[in-house]
Amino acid sequence: MARPRPLSGFPELLPADRIVELHVLDTLRRTFELWGFAPVETRAVEPLEQLLRKGEIDKEVYLLRRLQAEGEEEGDPARRLGLHFDLTVPFARYVLENAGKLQFPFRRYQIQKVWRGERPQDGRFREFVQADVDVVGAGELPFHHEVELPIVMIEALTALAEVGTPPVRVHVNNRKVAEGFYAGLGLADVAAVLRTVDKLDKVGPDVVAELLRDEAGASRAQAEACLAMARISAPDASFVDRVRALGVEHPLLDAGLVELARVVEATAEHVPGALVADLKIARGLDYYTGTVYETVLLGHEDLGSICSGGRYDALASDGKDTYPGVGLSIGVTRLVSRLVGRRLVAASRPVPTCVLVALTAEEDRAAADCLATGLRRRGIATEVSPSAAKFGRQIRYADRRGIPYVWFPQADGTHQVKDIRSGDQKDADPAAWLPPAEDLRPRVVPVVSSPA
RNA sequence: GUGGGUGUAGCUCAGCUGGUAGAGCACUGGGUUGUGGUCCCAGGUGUCGCGGGUUCAAGUCCCGUCACUCACCCCA
(Lines give C-alpha, C1' and ligand atoms only; values in the text may rest on other atoms or scores of the structure.)
Protein backbone atom coordinates (compact mmCIF):
# COMPACT_ATOMS: atom_id res chain seq x y z
CA MET A 1 0.00 0.00 0.00
CA ALA A 2 1.25 3.45 -0.88
CA ARG A 3 2.09 5.69 2.04
CA PRO A 4 -0.99 7.66 3.13
CA ARG A 5 -0.93 11.33 2.33
CA PRO A 6 -2.49 14.14 4.34
CA LEU A 7 -6.08 15.08 3.61
CA SER A 8 -6.31 18.72 2.73
CA GLY A 9 -8.19 20.73 5.32
CA PHE A 10 -8.06 18.01 7.98
CA PRO A 11 -5.02 19.06 9.96
CA GLU A 12 -3.11 16.62 12.16
CA LEU A 13 -0.41 17.96 14.42
CA LEU A 14 2.81 16.40 15.61
CA PRO A 15 3.06 15.96 19.38
CA ALA A 16 5.05 19.16 20.00
CA ASP A 17 2.39 21.23 18.24
CA ARG A 18 -0.45 19.32 19.85
CA ILE A 19 1.04 20.29 23.22
CA VAL A 20 0.72 23.93 22.14
CA GLU A 21 -2.89 23.36 21.11
CA LEU A 22 -3.71 21.67 24.41
CA HIS A 23 -2.20 24.61 26.26
CA VAL A 24 -4.42 26.98 24.29
CA LEU A 25 -7.47 24.84 25.04
CA ASP A 26 -6.60 24.64 28.75
CA THR A 27 -6.15 28.39 28.93
CA LEU A 28 -9.43 29.13 27.19
CA ARG A 29 -11.30 26.69 29.39
CA ARG A 30 -9.80 28.14 32.56
CA THR A 31 -10.76 31.67 31.55
CA PHE A 32 -14.29 30.73 30.53
CA GLU A 33 -14.85 28.95 33.83
CA LEU A 34 -13.42 31.91 35.77
CA TRP A 35 -16.18 33.97 34.21
CA GLY A 36 -18.82 31.47 35.23
CA PHE A 37 -19.61 29.80 31.92
CA ALA A 38 -20.89 26.26 32.28
CA PRO A 39 -19.48 23.47 30.11
CA VAL A 40 -21.63 22.01 27.37
CA GLU A 41 -20.95 19.52 24.63
CA THR A 42 -23.43 18.77 21.90
CA ARG A 43 -23.44 15.80 19.54
CA ALA A 44 -21.49 16.16 16.31
CA VAL A 45 -24.58 15.76 14.12
CA GLU A 46 -27.82 17.63 13.72
CA PRO A 47 -30.81 16.91 11.54
CA LEU A 48 -30.19 18.55 8.20
CA GLU A 49 -33.37 20.49 8.76
CA GLN A 50 -31.85 22.17 11.82
CA LEU A 51 -28.60 22.97 10.10
CA LEU A 52 -30.24 24.51 7.05
CA ARG A 53 -32.87 26.31 9.03
CA LYS A 54 -31.45 29.69 8.20
CA GLY A 55 -30.96 28.76 4.59
CA GLU A 56 -27.23 28.50 5.13
CA ILE A 57 -26.55 26.10 2.33
CA ASP A 58 -23.38 28.06 1.62
CA LYS A 59 -21.88 26.38 4.70
CA GLU A 60 -21.19 23.24 2.66
CA VAL A 61 -22.52 20.78 5.22
CA TYR A 62 -21.06 17.27 5.36
CA LEU A 63 -23.79 14.67 5.36
CA LEU A 64 -23.68 11.58 7.52
CA ARG A 65 -24.86 8.36 6.00
CA ARG A 66 -24.73 4.71 6.94
CA LEU A 67 -23.00 2.46 4.48
CA GLN A 68 -25.98 0.11 4.45
CA ALA A 69 -28.66 2.79 4.44
CA GLU A 70 -29.79 2.07 0.86
CA GLY A 71 -31.60 5.33 0.53
CA GLU A 72 -34.03 4.75 3.35
CA GLU A 73 -33.36 8.20 4.80
CA GLU A 74 -32.78 10.01 1.55
CA GLY A 75 -35.69 12.34 1.15
CA ASP A 76 -36.69 13.61 4.57
CA PRO A 77 -34.48 16.50 5.79
CA ALA A 78 -35.77 15.90 9.32
CA ARG A 79 -34.19 12.43 9.33
CA ARG A 80 -31.04 13.15 7.37
CA LEU A 81 -28.02 14.01 9.49
CA GLY A 82 -25.26 16.49 8.85
CA LEU A 83 -22.10 17.37 10.78
CA HIS A 84 -22.48 20.74 12.47
CA PHE A 85 -20.64 23.64 10.82
CA ASP A 86 -20.58 25.84 13.93
CA LEU A 87 -21.54 25.59 17.61
CA THR A 88 -24.16 28.31 17.67
CA VAL A 89 -26.84 26.48 15.73
CA PRO A 90 -26.51 23.25 17.77
CA PHE A 91 -26.49 25.32 20.94
CA ALA A 92 -29.71 27.06 19.94
CA ARG A 93 -31.28 23.63 19.45
CA TYR A 94 -29.86 22.44 22.80
CA VAL A 95 -31.36 25.44 24.58
CA LEU A 96 -34.80 24.80 23.15
CA GLU A 97 -34.56 21.10 23.98
CA ASN A 98 -33.44 21.67 27.58
CA ALA A 99 -35.13 24.97 28.31
CA GLY A 100 -37.04 23.46 31.23
CA LYS A 101 -33.84 22.29 32.91
CA LEU A 102 -31.70 25.37 32.43
CA GLN A 103 -31.58 28.59 34.40
CA PHE A 104 -31.65 31.82 32.45
CA PRO A 105 -29.73 33.80 31.60
CA PHE A 106 -27.74 30.71 30.72
CA ARG A 107 -23.98 31.06 30.33
CA ARG A 108 -22.13 28.28 28.57
CA TYR A 109 -18.85 27.54 26.90
CA GLN A 110 -18.42 24.86 24.31
CA ILE A 111 -15.19 23.71 22.69
CA GLN A 112 -15.61 21.24 19.84
CA LYS A 113 -14.73 20.33 16.32
CA VAL A 114 -16.87 21.60 13.48
CA TRP A 115 -16.85 20.73 9.78
CA ARG A 116 -17.25 22.79 6.63
CA GLY A 117 -16.79 21.49 3.12
CA GLU A 118 -15.06 24.60 1.86
CA ARG A 119 -11.80 24.87 -0.04
CA PRO A 120 -8.95 24.82 2.47
CA GLN A 121 -6.37 27.56 2.60
CA ASP A 122 -3.90 29.06 5.03
CA GLY A 123 -5.86 29.33 8.27
CA ARG A 124 -8.92 27.74 6.68
CA PHE A 125 -9.83 24.15 7.33
CA ARG A 126 -12.60 21.65 6.70
CA GLU A 127 -12.31 20.17 10.17
CA PHE A 128 -11.45 22.61 12.93
CA VAL A 129 -12.01 23.47 16.57
CA GLN A 130 -14.12 26.36 17.75
CA ALA A 131 -14.33 27.64 21.31
CA ASP A 132 -17.62 29.42 21.91
CA VAL A 133 -19.07 31.37 24.77
CA ASP A 134 -22.68 32.49 24.69
CA VAL A 135 -25.18 33.97 27.09
CA VAL A 136 -28.84 33.40 26.31
CA GLY A 137 -31.85 34.80 28.09
CA ALA A 138 -35.45 33.62 28.19
CA GLY A 139 -37.55 36.17 26.40
CA GLU A 140 -35.07 38.95 26.86
CA LEU A 141 -31.38 39.48 27.35
CA PRO A 142 -29.95 42.62 28.92
CA PHE A 143 -27.64 44.63 26.72
CA HIS A 144 -24.76 44.53 29.21
CA HIS A 145 -23.86 41.02 28.07
CA GLU A 146 -22.85 42.53 24.75
CA VAL A 147 -20.27 44.46 26.75
CA GLU A 148 -19.23 41.50 28.87
CA LEU A 149 -18.52 38.94 26.19
CA PRO A 150 -15.78 40.70 24.24
CA ILE A 151 -14.04 41.33 27.55
CA VAL A 152 -14.12 37.60 28.30
CA MET A 153 -12.56 36.82 24.94
CA ILE A 154 -9.92 39.52 25.25
CA GLU A 155 -9.03 38.12 28.67
CA ALA A 156 -8.80 34.61 27.25
CA LEU A 157 -6.65 35.61 24.30
CA THR A 158 -4.50 37.91 26.40
CA ALA A 159 -3.82 35.06 28.80
CA LEU A 160 -2.11 33.37 25.83
CA ALA A 161 0.24 36.31 25.34
CA GLU A 162 2.64 34.90 27.92
CA VAL A 163 3.42 31.97 25.65
CA GLY A 164 4.02 34.23 22.68
CA THR A 165 0.61 34.87 21.17
CA PRO A 166 0.52 38.32 19.55
CA PRO A 167 -1.86 40.92 20.97
CA VAL A 168 -5.40 41.00 19.62
CA ARG A 169 -7.78 43.74 18.63
CA VAL A 170 -11.52 43.34 18.58
CA HIS A 171 -13.35 45.35 15.92
CA VAL A 172 -16.93 46.10 16.83
CA ASN A 173 -19.96 47.42 15.07
CA ASN A 174 -23.67 47.34 15.72
CA ARG A 175 -26.28 46.12 13.30
CA LYS A 176 -28.65 48.80 14.47
CA VAL A 177 -26.16 51.46 13.45
CA ALA A 178 -25.79 50.00 10.00
CA GLU A 179 -29.43 49.24 9.45
CA GLY A 180 -30.60 52.57 10.87
CA PHE A 181 -28.08 54.45 8.80
CA TYR A 182 -28.99 52.74 5.55
CA ALA A 183 -32.70 53.03 6.26
CA GLY A 184 -32.27 56.70 7.12
CA LEU A 185 -30.50 57.14 3.82
CA GLY A 186 -33.44 55.57 2.06
CA LEU A 187 -31.73 52.30 1.10
CA ALA A 188 -34.17 49.42 1.32
CA ASP A 189 -31.96 46.35 0.81
CA VAL A 190 -29.94 46.55 4.00
CA ALA A 191 -28.54 43.04 3.58
CA ALA A 192 -27.14 43.83 0.14
CA VAL A 193 -25.49 46.99 1.44
CA LEU A 194 -23.94 45.08 4.34
CA ARG A 195 -22.56 42.41 2.07
CA THR A 196 -21.07 44.99 -0.24
CA VAL A 197 -19.55 47.19 2.45
CA ASP A 198 -18.02 44.07 3.98
CA LYS A 199 -15.77 43.83 0.91
CA LEU A 200 -14.24 47.24 1.46
CA ASP A 201 -10.88 45.93 2.66
CA LYS A 202 -10.54 43.60 -0.27
CA VAL A 203 -11.73 45.54 -3.30
CA GLY A 204 -11.34 49.15 -2.19
CA PRO A 205 -13.76 52.08 -1.99
CA ASP A 206 -14.16 52.65 -5.72
CA VAL A 207 -15.35 49.16 -6.44
CA VAL A 208 -17.61 49.18 -3.38
CA ALA A 209 -19.21 52.44 -4.53
CA GLU A 210 -19.81 50.91 -7.93
CA LEU A 211 -21.30 47.75 -6.43
CA LEU A 212 -23.52 49.76 -4.14
CA ARG A 213 -24.99 51.52 -7.13
CA ASP A 214 -25.31 48.39 -9.25
CA GLU A 215 -26.44 45.82 -6.69
CA ALA A 216 -27.96 47.72 -3.81
CA GLY A 217 -29.73 50.38 -5.85
CA ALA A 218 -27.81 53.22 -4.25
CA SER A 219 -27.44 56.66 -5.79
CA ARG A 220 -24.00 58.22 -6.05
CA ALA A 221 -24.67 60.28 -2.95
CA GLN A 222 -26.02 57.31 -0.99
CA ALA A 223 -23.00 55.23 -1.92
CA GLU A 224 -20.69 58.01 -0.80
CA ALA A 225 -22.50 58.25 2.52
CA CYS A 226 -22.15 54.48 3.08
CA LEU A 227 -18.45 54.70 2.38
CA ALA A 228 -18.05 57.71 4.62
CA MET A 229 -19.55 55.76 7.49
CA ALA A 230 -17.55 52.64 6.74
CA ARG A 231 -14.36 54.67 7.00
CA ILE A 232 -15.12 55.65 10.59
CA SER A 233 -13.24 53.82 13.30
CA ALA A 234 -12.19 54.88 16.79
CA PRO A 235 -10.90 53.44 20.06
CA ASP A 236 -13.36 55.65 21.98
CA ALA A 237 -16.82 57.18 21.63
CA SER A 238 -15.63 59.90 19.30
CA PHE A 239 -17.11 57.97 16.39
CA VAL A 240 -20.60 59.02 17.48
CA ASP A 241 -20.13 62.64 16.50
CA ARG A 242 -18.52 61.65 13.23
CA VAL A 243 -21.54 59.52 12.32
CA ARG A 244 -23.90 62.31 13.38
CA ALA A 245 -21.97 64.70 11.18
CA LEU A 246 -23.05 62.69 8.16
CA GLY A 247 -26.54 64.02 8.80
CA VAL A 248 -28.54 60.79 8.64
CA GLU A 249 -31.49 60.49 11.04
CA HIS A 250 -33.18 57.28 12.16
CA PRO A 251 -34.37 55.95 15.54
CA LEU A 252 -32.53 52.65 15.04
CA LEU A 253 -29.32 54.54 14.32
CA ASP A 254 -29.69 56.47 17.56
CA ALA A 255 -30.21 53.27 19.55
CA GLY A 256 -27.25 51.57 17.90
CA LEU A 257 -24.89 54.47 18.51
CA VAL A 258 -25.73 54.49 22.22
CA GLU A 259 -25.05 50.74 22.47
CA LEU A 260 -21.86 50.83 20.48
CA ALA A 261 -20.54 53.72 22.54
CA ARG A 262 -21.21 51.76 25.71
CA VAL A 263 -19.35 48.71 24.44
CA VAL A 264 -16.34 50.78 23.50
CA GLU A 265 -16.21 52.84 26.68
CA ALA A 266 -16.77 49.96 29.09
CA THR A 267 -14.20 47.78 27.36
CA ALA A 268 -11.64 50.58 27.33
CA GLU A 269 -11.84 50.66 31.11
CA HIS A 270 -11.29 46.91 31.58
CA VAL A 271 -8.87 46.13 28.80
CA PRO A 272 -7.54 49.36 27.31
CA GLY A 273 -6.55 49.38 23.67
CA ALA A 274 -7.95 45.97 22.84
CA LEU A 275 -11.20 47.03 21.19
CA VAL A 276 -12.18 49.59 18.58
CA ALA A 277 -15.44 50.69 17.03
CA ASP A 278 -15.11 49.96 13.35
CA LEU A 279 -18.17 50.86 11.33
CA LYS A 280 -17.25 48.79 8.32
CA ILE A 281 -17.63 45.51 10.18
CA ALA A 282 -20.68 43.88 8.69
CA ARG A 283 -20.57 40.06 9.03
CA GLY A 284 -22.48 37.95 6.62
CA LEU A 285 -24.79 36.08 8.95
CA ASP A 286 -28.22 37.60 8.90
CA TYR A 287 -29.34 36.54 12.37
CA TYR A 288 -27.29 39.21 14.11
CA THR A 289 -29.35 42.08 15.47
CA GLY A 290 -27.05 44.12 17.70
CA THR A 291 -23.34 44.24 18.43
CA VAL A 292 -21.12 42.32 16.00
CA TYR A 293 -17.49 41.42 16.61
CA GLU A 294 -14.42 40.43 14.66
CA THR A 295 -10.94 39.93 16.06
CA VAL A 296 -7.51 40.09 14.48
CA LEU A 297 -4.10 39.07 15.74
CA LEU A 298 -1.97 42.19 15.45
CA GLY A 299 0.65 41.70 12.77
CA HIS A 300 -1.34 38.77 11.36
CA GLU A 301 -4.28 40.58 9.83
CA ASP A 302 -3.91 38.39 6.73
CA LEU A 303 -5.13 35.43 8.77
CA GLY A 304 -8.59 36.98 9.02
CA SER A 305 -10.71 36.98 12.12
CA ILE A 306 -9.77 34.57 14.89
CA CYS A 307 -12.79 35.34 17.05
CA SER A 308 -16.15 36.51 15.81
CA GLY A 309 -19.75 36.69 16.85
CA GLY A 310 -22.59 38.93 17.80
CA ARG A 311 -25.97 39.52 19.30
CA TYR A 312 -28.90 37.52 17.98
CA ASP A 313 -32.57 37.68 18.94
CA ALA A 314 -34.42 35.04 17.01
CA LEU A 315 -31.97 32.18 16.59
CA ALA A 316 -33.60 30.01 19.24
CA SER A 317 -37.35 30.08 19.21
CA ASP A 318 -39.96 27.36 19.62
CA GLY A 319 -42.73 29.67 18.48
CA LYS A 320 -43.86 30.33 22.02
CA ASP A 321 -40.68 31.53 23.65
CA THR A 322 -37.62 33.07 22.14
CA TYR A 323 -34.15 32.95 23.61
CA PRO A 324 -32.07 35.94 22.53
CA GLY A 325 -28.35 35.62 23.03
CA VAL A 326 -24.94 36.98 22.39
CA GLY A 327 -21.93 34.86 21.63
CA LEU A 328 -18.38 34.82 20.39
CA SER A 329 -16.40 32.01 18.83
CA ILE A 330 -12.64 31.56 18.75
CA GLY A 331 -11.20 29.75 15.76
CA VAL A 332 -8.80 27.63 17.79
CA THR A 333 -7.39 25.71 14.84
CA ARG A 334 -6.84 28.90 12.87
CA LEU A 335 -5.09 30.53 15.82
CA VAL A 336 -2.94 27.50 16.64
CA SER A 337 -2.02 26.96 12.99
CA ARG A 338 -0.53 30.44 12.91
CA LEU A 339 1.17 30.12 16.30
CA VAL A 340 2.99 26.94 15.36
CA GLY A 341 3.20 27.56 11.60
CA ARG A 342 5.09 30.82 12.06
CA ARG A 343 6.98 29.46 15.05
CA LEU A 344 5.64 32.11 17.40
CA VAL A 345 5.02 29.55 20.13
CA ALA A 346 6.60 26.17 20.81
CA ALA A 347 6.60 23.36 23.35
CA SER A 348 9.77 22.81 25.35
CA ARG A 349 9.68 19.14 24.42
CA PRO A 350 7.44 16.85 22.38
CA VAL A 351 6.90 14.24 25.09
CA PRO A 352 5.58 14.54 28.64
CA THR A 353 8.45 12.39 29.92
CA CYS A 354 10.67 14.04 32.51
CA VAL A 355 12.87 11.08 33.45
CA LEU A 356 14.22 8.15 31.49
CA VAL A 357 15.34 5.28 33.68
CA ALA A 358 18.43 3.73 32.14
CA LEU A 359 18.72 -0.02 31.98
CA THR A 360 22.00 -1.85 32.62
CA ALA A 361 20.67 -5.23 31.62
CA GLU A 362 17.32 -6.65 30.64
CA GLU A 363 17.30 -8.59 33.94
CA ASP A 364 17.10 -5.28 35.76
CA ARG A 365 13.88 -4.21 34.03
CA ALA A 366 11.62 -5.26 36.92
CA ALA A 367 13.65 -3.16 39.34
CA ALA A 368 13.63 -0.24 36.90
CA ASP A 369 9.86 -0.49 36.49
CA CYS A 370 9.53 -0.43 40.23
CA LEU A 371 11.68 2.67 40.48
CA ALA A 372 9.67 4.35 37.71
CA THR A 373 6.43 3.60 39.51
CA GLY A 374 7.77 5.33 42.59
CA LEU A 375 8.65 8.45 40.60
CA ARG A 376 5.27 8.46 38.86
CA ARG A 377 3.47 8.21 42.18
CA ARG A 378 5.17 11.46 43.08
CA GLY A 379 3.95 13.09 39.89
CA ILE A 380 7.09 12.76 37.79
CA ALA A 381 6.42 11.53 34.26
CA THR A 382 8.80 8.61 33.82
CA GLU A 383 9.56 5.96 31.24
CA VAL A 384 11.98 3.08 31.36
CA SER A 385 14.51 2.76 28.58
CA PRO A 386 13.22 0.55 25.77
CA SER A 387 16.38 -1.53 25.73
CA ALA A 388 19.55 -2.14 27.69
CA ALA A 389 21.62 -0.58 24.92
CA LYS A 390 24.90 1.16 25.61
CA PHE A 391 24.40 4.15 27.89
CA GLY A 392 25.40 6.46 25.07
CA ARG A 393 22.42 5.19 23.09
CA GLN A 394 20.05 5.49 26.01
CA ILE A 395 21.14 9.06 26.62
CA ARG A 396 20.69 9.78 22.95
CA TYR A 397 17.20 8.30 23.11
CA ALA A 398 16.38 10.84 25.81
CA ASP A 399 18.13 13.66 23.99
CA ARG A 400 16.21 13.12 20.77
CA ARG A 401 12.94 13.37 22.65
CA GLY A 402 13.89 16.29 24.82
CA ILE A 403 13.67 14.21 28.00
CA PRO A 404 15.74 16.29 30.42
CA TYR A 405 16.85 13.62 32.94
CA VAL A 406 18.34 10.14 32.73
CA TRP A 407 18.27 8.05 35.88
CA PHE A 408 21.13 5.62 36.55
CA PRO A 409 20.63 2.91 39.18
CA GLN A 410 24.09 2.03 40.51
CA ALA A 411 25.48 -1.43 41.13
CA ASP A 412 25.76 -0.69 44.85
CA GLY A 413 22.07 0.11 45.15
CA THR A 414 22.47 3.90 45.15
CA HIS A 415 21.13 6.14 42.40
CA GLN A 416 22.35 8.95 40.21
CA VAL A 417 20.42 11.31 37.97
CA LYS A 418 21.94 13.19 35.06
CA ASP A 419 20.68 16.43 33.58
CA ILE A 420 21.62 15.72 30.00
CA ARG A 421 21.49 19.37 28.98
CA SER A 422 24.19 20.46 31.42
CA GLY A 423 25.83 17.08 31.81
CA ASP A 424 25.58 17.37 35.60
CA GLN A 425 25.22 14.01 37.29
CA LYS A 426 24.72 13.58 40.98
CA ASP A 427 23.46 11.21 43.65
CA ALA A 428 19.70 11.14 44.03
CA ASP A 429 17.18 9.57 46.38
CA PRO A 430 14.32 7.94 44.44
CA ALA A 431 11.94 8.73 47.29
CA ALA A 432 12.80 12.42 47.47
CA TRP A 433 14.33 13.70 44.23
CA LEU A 434 12.31 16.34 42.34
CA PRO A 435 13.16 18.14 39.14
CA PRO A 436 12.97 21.93 39.04
CA ALA A 437 9.34 22.94 38.51
CA GLU A 438 10.01 24.18 34.97
CA ASP A 439 11.18 20.69 33.93
CA LEU A 440 8.31 18.72 35.41
CA ARG A 441 6.07 19.01 32.36
CA PRO A 442 6.56 20.28 28.84
CA ARG A 443 6.21 24.03 28.86
CA VAL A 444 4.71 26.16 26.13
CA VAL A 445 6.92 29.14 25.54
CA PRO A 446 7.43 32.04 23.14
CA VAL A 447 9.97 31.38 20.44
CA VAL A 448 12.68 33.99 20.50
CA SER A 449 12.91 35.01 16.89
CA SER A 450 16.46 35.65 15.80
CA PRO A 451 16.73 38.48 13.27
CA ALA A 452 18.18 37.28 10.01
C1' G B 1 -17.53 25.62 -8.11
C1' U B 2 -13.60 29.02 -11.11
C1' G B 3 -8.39 30.17 -12.19
C1' G B 4 -2.80 29.67 -11.37
C1' G B 5 1.42 26.75 -9.18
C1' U B 6 3.69 22.15 -7.56
C1' G B 7 4.31 16.55 -7.30
C1' U B 8 11.92 13.16 -7.36
C1' A B 9 15.06 9.71 -0.64
C1' G B 10 12.03 10.11 6.02
C1' C B 11 12.66 16.06 5.46
C1' U B 12 14.32 20.46 2.31
C1' C B 13 15.24 20.40 -2.67
C1' A B 14 18.80 19.94 -7.42
C1' G B 15 18.33 17.33 -12.03
C1' C B 16 19.80 22.24 -18.63
C1' U B 17 17.82 21.49 -25.61
C1' G B 18 15.33 13.52 -23.77
C1' G B 19 20.96 9.32 -22.82
C1' U B 20 21.70 4.50 -17.01
C1' A B 21 19.45 8.49 -9.67
C1' G B 22 21.82 13.22 -7.11
C1' A B 23 23.17 17.03 -2.60
C1' G B 24 22.42 18.56 2.43
C1' C B 25 19.99 17.16 6.81
C1' A B 26 18.00 12.93 9.22
C1' C B 27 18.60 7.56 9.91
C1' U B 28 21.77 2.74 10.78
C1' G B 29 26.57 0.56 11.93
C1' G B 30 31.69 1.40 13.12
C1' G B 31 36.13 4.47 14.93
C1' U B 32 35.03 5.02 20.93
C1' U B 33 34.57 -2.69 24.64
C1' G B 34 28.41 0.72 29.02
C1' U B 35 27.69 8.15 29.63
C1' G B 36 25.03 11.27 24.18
C1' G B 37 25.94 16.05 21.37
C1' U B 38 31.81 17.35 17.90
C1' C B 39 34.73 14.93 14.20
C1' C B 40 35.99 10.79 10.73
C1' C B 41 34.62 6.23 7.90
C1' A B 42 30.95 3.00 5.80
C1' G B 43 25.96 2.15 4.44
C1' G B 44 19.47 1.18 2.91
C1' U B 45 18.10 5.86 1.32
C1' G B 46 13.84 5.76 -4.68
C1' U B 47 7.17 1.93 -8.25
C1' C B 48 10.90 10.00 -10.05
C1' G B 49 2.17 11.06 -7.70
C1' C B 50 -0.81 7.55 -11.01
C1' G B 51 -2.36 5.96 -16.12
C1' G B 52 -1.64 6.35 -21.20
C1' G B 53 1.04 8.36 -25.55
C1' U B 54 5.50 9.99 -28.69
C1' U B 55 10.60 7.88 -29.03
C1' C B 56 15.87 3.27 -30.08
C1' A B 57 15.55 5.75 -25.23
C1' A B 58 10.99 9.77 -20.83
C1' G B 59 12.25 12.23 -14.04
C1' U B 60 12.58 15.42 -18.63
C1' C B 61 8.06 16.13 -24.19
C1' C B 62 2.34 15.43 -25.00
C1' C B 63 -2.68 13.95 -23.09
C1' G B 64 -5.52 12.44 -19.03
C1' U B 65 -6.14 11.75 -13.86
C1' C B 66 -5.36 12.28 -8.64
C1' A B 67 -3.24 14.84 -4.65
C1' C B 68 -1.22 19.02 -2.44
C1' U B 69 -0.95 24.32 -2.63
C1' C B 70 -2.19 29.63 -3.68
C1' A B 71 -6.04 33.13 -5.19
C1' C B 72 -11.49 34.09 -5.97
C1' C B 73 -16.20 33.07 -3.04
C1' C B 74 -17.17 32.69 2.04
C1' C B 75 -15.82 32.35 6.81
C1' A B 76 -13.09 30.74 12.85
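Note: hydrogens, waters and symmetry copies are ignored here, and every other heavy atom, side chains too, is used. Throughout, protein chains are lettered first and strands after them, A, B, ... in sequence-line order, and every chain is numbered starting at 1.
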Minimum-distance nucleotide (side-chain atoms of [X] versus [options]):
{"X": "A:S8", "options": "B:rU28, B:rU69, B:rU35", "answer": "B:rU69"}
{"X": "A:R119", "options": "B:rU2, B:rU69, B:rG36", "answer": "B:rU2"}
{"X": "A:K390", "options": "B:rA76, B:rU33, B:rG36", "answer": "B:rU33"}
{"X": "A:F128", "options": "B:rG30, B:rA76, B:rA71", "answer": "B:rA76"}
{"X": "A:I306", "options": "B:rA76, B:rC70, B:rG36", "answer": "B:rA76"}

- Query: Hey, are A:Y288 and A:N174 close enough side-chain-wise for a donor-acceptor pair under 3.5 Å?
  - Reply: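 No, no side-chain donor-acceptor pair sits under 3.5 Å.
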Give the rounded distance in Å between these two atoms: [atom1] of [X] and [atom2] of [N].
{"X": "A:Q394", "N": "B:rG37", "atom1": "CD", "atom2": "P", "answer": "15 Å"}
{"X": "A:R393", "N": "B:rG36", "atom1": "CZ", "atom2": "P", "answer": "11 Å"}
{"X": "A:H84", "N": "B:rA76", "atom1": "NE2", "atom2": "P", "answer": "14 Å"}
{"X": "A:D302", "N": "B:rA71", "atom1": "CG", "atom2": "C1'", "answer": "14 Å"}
{"X": "A:D134", "N": "B:rA76", "atom1": "CG", "atom2": "P", "answer": "13 Å"}
{"X": "A:E118", "N": "B:rC75", "atom1": "CD", "atom2": "P", "answer": "9 Å"}
{"X": "A:F85", "N": "B:rA76", "atom1": "CZ", "atom2": "P", "answer": "10 Å"}
{"X": "A:Y293", "N": "B:rA76", "atom1": "OH", "atom2": "C1'", "answer": "17 Å"}

Is it true that [X] and [Y] have a side-chain N and a carboxylate O under 4.0 angstrom from each other?
{"X": "A:K113", "Y": "A:E127", "result": "yes"}
{"X": "A:E438", "Y": "A:R443", "result": "no"}
{"X": "A:R126", "Y": "A:E118", "result": "no"}
{"X": "A:E148", "Y": "A:R107", "result": "yes"}
{"X": "A:D122", "Y": "A:R338", "result": "yes"}

Check every strand shown and say whether [X] touches a base, only sugar-phosphate, or nothing at a heavy-atom separation below 4.0 Å.
{"X": "A:A358", "answer": "nothing"}
{"X": "A:G423", "answer": "base"}
{"X": "A:L359", "answer": "base"}
{"X": "A:I420", "answer": "base"}
{"X": "A:L335", "answer": "nothing"}
{"X": "A:Y397", "answer": "nothing"}

Given the [atom1] atoms of [N] and [M], what is the spacing between them in whole Å?
{"N": "B:rG37", "M": "B:rU33", "atom1": "P", "answer": "12 Å"}
{"N": "B:rA23", "M": "B:rG64", "atom1": "P", "answer": "36 Å"}
{"N": "B:rU45", "M": "B:rC16", "atom1": "C1'", "answer": "26 Å"}
{"N": "B:rC11", "M": "B:rC48", "atom1": "P", "answer": "15 Å"}
{"N": "B:rG46", "M": "B:rA57", "atom1": "P", "answer": "27 Å"}
{"N": "B:rG51", "M": "B:rG7", "atom1": "C1'", "answer": "15 Å"}
{"N": "B:rU8", "M": "B:rC13", "atom1": "C1'", "answer": "9 Å"}
{"N": "B:rC41", "M": "B:rU60", "atom1": "P", "answer": "35 Å"}

Could you tell me which nucleotide pairs with [N] by Watson-Crick or G-U wobble geometry, both distances under 3.5 Å, or answer none if nothing does?
{"N": "B:rG1", "value": "B:rC72"}
{"N": "B:rU28", "value": "B:rA42"}
{"N": "B:rC13", "value": "B:rG22"}
{"N": "B:rG59", "value": "none"}
{"N": "B:rG37", "value": "none"}
{"N": "B:rU54", "value": "none"}
{"N": "B:rU65", "value": "B:rG49"}

N/O donor-acceptor pair, side chain [X] with base [N], under 3.5 angstrom:
{"X": "A:Q425", "N": "B:rU35", "value": "yes"}
{"X": "A:R124", "N": "B:rA76", "value": "no"}
{"X": "A:R334", "N": "B:rC75", "value": "yes"}

Can you find a heavy atom in the side chain of [X] that is under 4.5 Å from one in the side chain of [Y]?
{"X": "A:V355", "Y": "A:I403", "answer": "no"}
{"X": "A:Q112", "Y": "A:Q110", "answer": "yes"}
{"X": "A:F128", "Y": "A:S337", "answer": "no"}

- Within the structure, does a side-chain N or O atom of A:S308 lie under 4.0 Å from either OP1 or OP2 of B:rC75?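 Answer no for this pair, as no side-chain N or O of A:S308 is under 4.0 Å from OP1 or OP2.
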- Using a cut-off of less than 4.0 Å, is there contact between a side-chain N or O of A:R400 and OP1 or OP2 of B:rC27?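 Yes, such a contact exists.
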- Query: Closer to the 5' end of RNA chain B via nearest nucleotide, is it A:Q121 or A:V332?
  - Reply: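 Nearer the 5' end of the strand: A:Q121.
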- Task: Take A:T333 and A:A361, find for each the nucleotide of RNA chain B with the closest heavy atom, and name the residue whose nucleotide sits nearer the 5' end.
- Result: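 Looking at RNA chain B, the more 5' nearest nucleotide goes with A:A361.
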